[in-house]
Every structure is written in C-alpha cells, then in structure tokens.
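All of these numbers come straight from a predicted model, not from anything done at the bench.
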Amino acid sequence: LVSRLFNVKNKTTQRVHLVHFDLIGSSSKVMSYSGPELRQPEGLVFMALVNLARNYAVGTAVAFEPAKMCDALYGYSDSRSRLQLKESIKRLMQAVLTFPDFSVQLAQKFTHPSKGNWSVALDPQIVRLFSASNYIWLDLNLRRKLTEGMATWLYGYVRGQSRLMPMRLEHLRDESGSDARTVGAFQRSLYPALRELTAAGVLEKGARVADGVLHWRRATKTMAA
C-alpha cells in the first residue's frame with residue numbers, strides 16, 4: 001500500500017508494457033519488480049484475491065462469482081466491469097517479484113469461463129508474504145467513492161501509518177510512482193486528493209505544504225471495515 005508497486009497514474013496515461021524497479025522491504029531485504037505497469041485498479045483486485053486466499057489452503061485456486069466480485073470492487077456488474085477485472089488479473093499473472101533466492105508471480109492460473117465461477121491460483125509464497133504483514137482494514141465503500149489514483153493510494157498510505165509524520169513531497173512522489181516531473185507538478189496533483197480525503201473524514205482539515213514538506217493529520221475517527 002505504501003510503495004510504487006501499484007502506482008497512481010490514471011487511465012489517460014498510456015501504460016508501459018514492461019517496467020523494472022526495486023522495492024525495499026527493509027534495510028537488509030530488497031525485492032525487485034518486473035512486469036507490466038500496475039496501477040491502483042490492479043492493487044484493489046490483488047488485495048481482494050489475497051484476502052480470499054487467507055481462507056483457503058495456500059497454493060490452491062480461489063474461486064469467486066465474477067458478478068459479485070465486480071459489485072464489491074466497482075459498485076456495479078456488467079460486461080465492461082468483467083472485462084476490467086479480467087484484464088487486471090491477467091496483468092497480475094505477468095507481474096513478478098524477485099527476492100534474493102526466488103521469484104514469484106502475483107497471480108498464477110486464471111480460469112474465466114463465460115458462465116459460472118472464475119478462479120485464480122496464488123503461489124504459497126505470495127500468500128505468506130502478505131499474510132505475514134500487519135493487516136490494514138479499508139472501508140471498501142469509501143475507497144470506491146474516491147478518485148482512482150492519488151486519492152486511493154493516499155487512503156491506503158494513511159491507513160498504513162500509526163501516525164502521520166511531516167513528509168517530504170519528493171518521498172511521496174517516488175513512493176507513489178507518480179509521473180510528475182517536478183515537485184511543483186506533484187504538489188498540484190496532491191491537492192485534489194487531500195481535499196477528497198478531508199471531505200471523507202480520513203484527514204483532519206488544515207493539511208498544508210510548507211518548504212516542500214506535507215504537514216497533515218489523520219482524522220481521529222477514520223472509517224474502517
């Protein structure tokens with residue numbers, strides 16, 4: 001949630017077919033990503049799949065009704081939402097995380113018949129990797145209402161922090177995978193997202209940028225599910 005793995009670029013920006021970058025898990029643990037450019041929609045689908053996989057034996061395929069999954073993730077179900085879900089899962093199948101001693105896809109075999117349940121297989125290493133992390137609960141209804149991109153990424157970032165410290169804009173730009181070329185451009189893209197999160201009760205009023213540093217406070221009562 002707090003990395004550039006699922007970046008903040010929106011659908012008006014053309015996707016890059018193949019990217020490669022490092023993701024630092026800790027001071028001594030570095031993993032790298034290679035594969036198609038992943039964005040916030042893929043992040044949402046991936047979180048849903050991992051959440052489902054927690055109730056299954058690791059390494060098995062998780063099954064779901066595509067219509068119900070689309071309703072949960074997008075708020076509606078039709079042929080377009082099914083196609084969006086299918087394309088996101090196919091990108092996850094091409095996405096590879098590489099560790100010092102192994103590499104693993106974010107998603108494996110994907111069955112998507114025209115009728116009946118769909119299923120996706122997740123590697124045991126992927127399930128273990130994310131089940132070992134601290135759980136962060138998001139309000140799915142709230143996330144659906146937020147603008148896909150910077151606002152949804154910041155929502156996950158805020159929920160992932162025990163306390164919001166002043167943050168340099170360069171750091172947020174790099175962590176979010178923003179394509180803003182300058183800090184000023186990134187700052188301008190940040191303001192609408194901050195206003196959305198304030199209106200949604202995620203942030204307290206008064207978030208501001210001073211000398212390239214974002215000063216913000218999480219609302220005392222943040223919705224969670």
Side-chain angles (χ1 to χ4, degrees), residues 1-47 88 91-92 94-98 106 130 133-134 136 138 142-219 222:
L1 290 179
V2 295
S3 77
R4 60 180 293 193
L5 182 59
F6 303 108
N7 71 50
V8 300
K9 297 176 187 176
N10 60 48
K11 59 185 178 182
T12 62
T13 304
Q14 186 173 358
R15 285 181 185 262
V16 180
H17 294 298
L18 180 63
V19 297
H20 181 88
F21 52 84
D22 287 339
L23 291 165
I24 300 176
S26 66
S27 59
S28 61
K29 187 175 183 180
V30 177
M31 55 183 165
S32 64
Y33 170 78
S34 60
E37 181 185 353
L38 302 178
R39 297 181 178 174
Q40 286 291 289
E42 284 76 52
L44 180 62
V45 172
F46 181 65
M47 286 190 288
S88 287
R91 290 190 185 99
L92 294 173
Q94 301 172 55
V96 178
L97 288 182
T98 297
L106 292 183
F130 287 90
S133 303
N134 292 327
I136 298 171
L138 304 179
L142 172 57
R143 195 207 176 278
R144 279 203 307 257
K145 294 176 183 177
L146 296 173
T147 302
E148 198 82 58
M150 182 61 72
T152 53
W153 186 87
L154 278 178
Y155 176 46
Y157 187 94
V158 170
R159 293 294 300 151
Q161 309 300 311
S162 57
R163 180 184 177 192
L164 286 182
M165 304 295 291
M167 190 64 60
R168 295 205 64 82
L169 295 187
E170 293 98 330
H171 176 76
L172 283 177
R173 181 183 64 173
D174 293 343
E175 289 294 287
S176 67
S178 170
D179 56 357
R181 296 186 178 181
T182 66
V183 174
F186 177 74
Q187 182 174 332
R188 288 190 291 274
S189 71
L190 190 65
Y191 283 142
L194 293 175
R195 287 195 292 269
E196 276 195 66
L197 294 178
T198 301
V202 176
L203 295 175
E204 288 193 359
K205 294 180 180 179
R208 62 186 178 85
V209 174
D211 297 324
V213 177
L214 173 61
H215 299 266
W216 52 349
R217 293 182 63 183
R218 190 167 63 180
T222 303

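Paired with E37 under the rule salt bridge (charged side-chain N to carboxylate O under 4.0 Å, His left out), one option of R15, R4, K9 passes, and it is K9. The only option from L5, T98, V30 that meets the side chain to side chain contact (heavy atoms under 4.5 Å, CB included) definition with L23 turns out to be L5. Of the residues L172, V213, V209, the one that meets the side chain to side chain contact (heavy atoms under 4.5 Å, CB included) test with M167 is L172.
Checked by atom type and distance alone, the side chain of R218 never pairs as donor or acceptor with a backbone atom of R163 at under 3.5 Å. The main-chain N or O of R91 is never found under 3.5 Å from a side-chain atom of E42 such that the two would form a donor-acceptor pair.
Atom CZ of F6 and atom CG of L106 lie 5.5 Å apart (nearest 0.5 Å). One finds the OH atom of Y157 at 15.0 Å from the OG1 atom of T152 (value rounded to the nearest 0.5 Å). Distance CG/L154 to CG/L190: 6.0 Å, rounded to 0.5 Å. We find the CD-OG1 distance between Q187 and T182 to be 9.5 Å, quoted to the nearest 0.5 Å. A distance of 12.5 Å separates CE of M165 from CG of L214, quoted to the nearest 0.5 Å. Here the OH atom belonging to Y155 is positioned 5.5 Å from the CZ atom belonging to R159, to the nearest 0.5 angstrom.
Between Y33 and S3, the closest side-chain pair of non-hydrogen atoms is not below 4.5 Å.
Each side chain to side chain donor-acceptor pair (under 3.5 Å) pair with one or both residues in residues 201-217, not counting sequence neighbours, would appear here, but there are none.
Of all heavy-atom pairs between L146 and A151, the closest is CD1-O, 4.0 Å. A pairwise comparison of heavy atoms in N7 and R39 identifies OD1-CG, 3.3 Å as the closest pair. When all heavy atoms of A219 and G201 are compared, the pair lying nearest together is CB-O, 3.1 Å. Across A193 and M150, no two heavy atoms sit closer than the pair CB-CG, 3.6 Å. The two residues P36 and A95 make their nearest non-hydrogen contact at CD-N, 4.1 Å. Taking all atoms of both residues into account, the shortest heavy-atom contact from Q40 to G149 is CG-O, 3.7 Å.
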Requested in this report: Please lay out, stage by stage, how V19 and L38 fare under the test side chain to side chain contact (heavy atoms under 4.5 Å, CB included).
Outcome: CA-CA 9 Å; V19 297; L38 302 178; over 6 Å; no

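Taking a cutoff of 4.0 Å between a charged side-chain nitrogen and a carboxylate oxygen, E148 and R143 qualify as a salt bridge.
A199 pairs by the side chain to side chain contact (heavy atoms under 4.5 Å, CB included) definition with nothing, not counting sequence neighbours.
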